[in-house]
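The block underneath contains the structure these notes are about, expressed in structure tokens.
The figures that follow rest on heavy atoms only: side chains count, while hydrogens, waters and symmetry mates do not.
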Amino acid sequence: MRIAAIPLALAVGLVVAGCGMNTASGQNDKASTLSLDKPVAGEITSRSGTNYNDGSRYQLFTLDVKEKQLIELKLAGALDGALAVFNDQGLVASGSSGEEAGTVDLTFRADTAGKYRVAVSGDGASAYGPFRLQAAELVPYDGKPLVGAGDITDVLTGRPQQYTLQVEKQGMYQIDLGSTAFDTVLTVNGNGVEVEDDDGGDRTNSRVSTMLDPGTYTLGVRGIESNDSGLFRINVRQSALPEGLVTRDGTTLPASGKVDVLLGREDGTRTFVLAVARAGKVRLDAISRQVDTTLEVSGNGVSFEDDDGGQGTNARLEMDLAPGRYEVRVAALEGREGLVELRVSTGGAAVQEVGGGR
């Protein structure tokens, strides 16, 4: 959804409730009644009122709203349209189908009770056609902290919003923020954690995977555009940390076996020492469902690196190494924290194939 630029006619003409829009002489600004959960049909034609600033046509509706009520408007049909909502103080919210014609979803919260005017307009001077308009009340989030894991469903109303996550057990937490109404941005702050993500999840949704200690954290929700609005969902999942998890640099890798790794929060990397006793083949696999892994091995005059040589987005290196000590660097291509399983085999030992990718 693209937020509409409000026509001057709307912005000026509806500052006071009951006032008409800035229309051409002789046009009628009579408004039809819009009720909750009772869809209405209409059509923008050449006989509809005209906005002076861009020549688009419009039709007006009045909606009775209670104080603090949360309202969702849906505009559908053949019309390439736009929505704007006004109260006594002026513009409350607006949205349009923009370059991608289709349904317009617009959500607003009523600061005061009273009659609100809903304007359905064509998204431009040449936009005409039938439409269907529906208003529904949404049940907002109850404001209670999210404890450990769970979901929050709420509505963004054009400004950043914050929610509380109470962590009682140390672990790896995946926090997803998703919306079909706007491009999401998620922040996680508290106890030394400061993380932000835009498109780390599916499509334009956000995802943060990070280790959290017991304590209180603030989850911030906003849109990529300053006045984005619409329904969204926060989902928090916690997974136990594997025993023997490596969280520091400099650990010596086994000749064959696996090591569970937590990549650094600051740069998404972790370094190890690989000691090769006899010349031969060495294979490394960096496997993760949380990040796109990379591998680098350097030392004794050689250097190797790989991104997606394994399955999916997993990294794999197969090398002939001389005896000596090597530095192994495991990283996330995204440069962020995540759990990785690092597998090592030497001397041609078999390594079991493991599914990968996020």
Side-chain angles (χ1 to χ4, degrees), residues 170-174 192-195 197 200 207-213 237-358:
Q170 184 189 53
M172 196 69 185
Y173 288 78
Q174 179 172 302
V193 177
E194 294 183 8
V195 185
D197 181 74
R207 174 175 296 161
V208 168
S209 295
T210 186
M211 188 172 74
L212 298 179
D213 294 320
R237 289 179 291 171
Q238 184 262 334
S239 56
L241 297 174
E243 292 186 13
L245 181 68
V246 176
T247 60
R248 294 183 179 181
D249 294 332
T251 299
T252 299
L253 292 173
S256 292
K258 73 178 184 71
V259 175
D260 291 306
V261 183
L262 178 64
L263 301 181
R265 179 176 294 156
E266 293 77 13
D267 57 4
T269 67
R270 187 68 62 207
T271 60
F272 296 85
V273 174
L274 175 65
V276 177
R278 294 186 297 273
K281 292 186 178 296
V282 177
R283 174 168 151 180
L284 300 176
D285 284 270
I287 301 163
S288 178
R289 296 184 181 276
Q290 297 179 349
V291 296
D292 184 345
T293 61
T294 67
L295 276 170
E296 295 180 17
V297 175
S298 60
N300 293 330
V302 298
S303 179
F304 303 90
E305 61 181 57
D306 179 73
D307 177 9
D308 295 331
Q311 294 185 353
T313 60
N314 293 328
R316 173 181 295 166
L317 282 175
E318 295 181 278
M319 307 156 288
D320 287 312
L321 296 180
R325 293 171 66 85
Y326 298 83
E327 181 181 82
V328 176
R329 182 178 182 271
V330 185
L333 190 63
E334 308 89 337
R336 59 184 173 88
E337 188 177 30
L339 288 175
V340 176
E341 181 182 284
L342 180 59
R343 294 194 165 216
V344 186
S345 66
T346 57
V351 177
Q352 180 181 0
E353 294 289 342
V354 179
R358 284 180 289 165

Separation of [Y] [atom2] from [X] [atom1] (nearest 0.5 Å):
{"X": "Leu295", "Y": "Leu342", "atom1": "CG", "atom2": "CG", "value": "6.5 Å"}
{"X": "Arg336", "Y": "Asp197", "atom1": "CZ", "atom2": "CG", "value": "6.5 Å"}
{"X": "Met172", "Y": "Leu241", "atom1": "CE", "atom2": "CG", "value": "8.0 Å"}
{"X": "Asp285", "Y": "Thr293", "atom1": "CG", "atom2": "OG1", "value": "9.0 Å"}
{"X": "Leu321", "Y": "Thr346", "atom1": "CG", "atom2": "OG1", "value": "10.0 Å"}
{"X": "Leu339", "Y": "Ile287", "atom1": "CG", "atom2": "CD1", "value": "13.0 Å"}

*Going by an N to O cut-off under 4.0 Å, is there a salt bridge joining Arg343 and Glu341?*
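Result for this pair is yes, salt bridge flagged.
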*Do Glu296 side-chain atoms and Ser303 backbone N/O form a donor-acceptor pair below 3.5 Å?*
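It does not hold such a pair.
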*Do Thr294 and Glu305 have side chains that get closer than 4.5 Å, going by heavy atoms?*
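No, too far: nothing below the 4.5 Å cut-off.
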Return all side-chain donor-acceptor pairs below 3.5 angstrom for residues 265-272, not counting sequence neighbours, or 'none' if the list is empty.
| from | atom 1 | to | atom 2 | distance (Å) |
| --- | --- | --- | --- | --- |
| Arg265 | NE | Thr210 | OG1 | 3.4 |
| Arg265 | NE | Glu337 | OE1 | 3.3 |
| Arg265 | NH2 | Thr210 | OG1 | 3.4 |
| Arg265 | NH2 | Met211 | O | 2.5 |
| Asp267 | OD1 | Thr269 | N | 3.2 |
| Asp267 | OD1 | Thr269 | OG1 | 3.0 |
| Asp267 | OD2 | Thr269 | OG1 | 3.0 |
| Arg270 | NE | Leu262 | O | 3.0 |
| Arg270 | NH1 | Thr247 | O | 3.4 |
| Arg270 | NH1 | Asp249 | OD1 | 3.2 |
| Arg270 | NH2 | Thr247 | O | 3.2 |
| Arg270 | NH2 | Leu262 | O | 2.8 |

*Is there a side-chain contact (heavy atoms from CB on, under 4.5 Å) between Leu263 and Val291 once you walk through the steps?*
CA-CA 10 Å; Leu263 301 181; Val291 296; 4.1 Å; yes
Taking all non-hydrogen atoms of both residues into account, name the closest pair between [X] and [Y] and its distance.
{"X": "Ala277", "Y": "Pro323", "answer": "O-CB, 3.7 Å"}
{"X": "Val259", "Y": "Pro254", "answer": "CG2-CD, 3.7 Å"}
{"X": "Ala315", "Y": "Asp306", "answer": "CA-OD2, 3.3 Å"}

*asked:* Quick one, Val302 with Phe304, criterion side-chain contact (heavy atoms from CB on, under 4.5 Å). Give me CA distance, side-chain angles, the key distance, then yes/no.
replied: CA-CA 7 Å; Val302 298; Phe304 303 90; 3.7 Å; yes
*Could you walk me through whether Met319 and Leu284 pass side-chain contact (heavy atoms from CB on, under 4.5 Å), step by step?*
CA-CA 9 Å; Met319 307 156 288; Leu284 300 176; 4.1 Å; yes
*How far apart are the C-alpha atoms of Glu318 and Lys281, what are their side-chain angles, what is the distance that settles it, and do they pass the side-chain contact (heavy atoms from CB on, under 4.5 Å) test?*
CA-CA 7 Å; Glu318 295 181 278; Lys281 292 186 178 296; over 6 Å; no
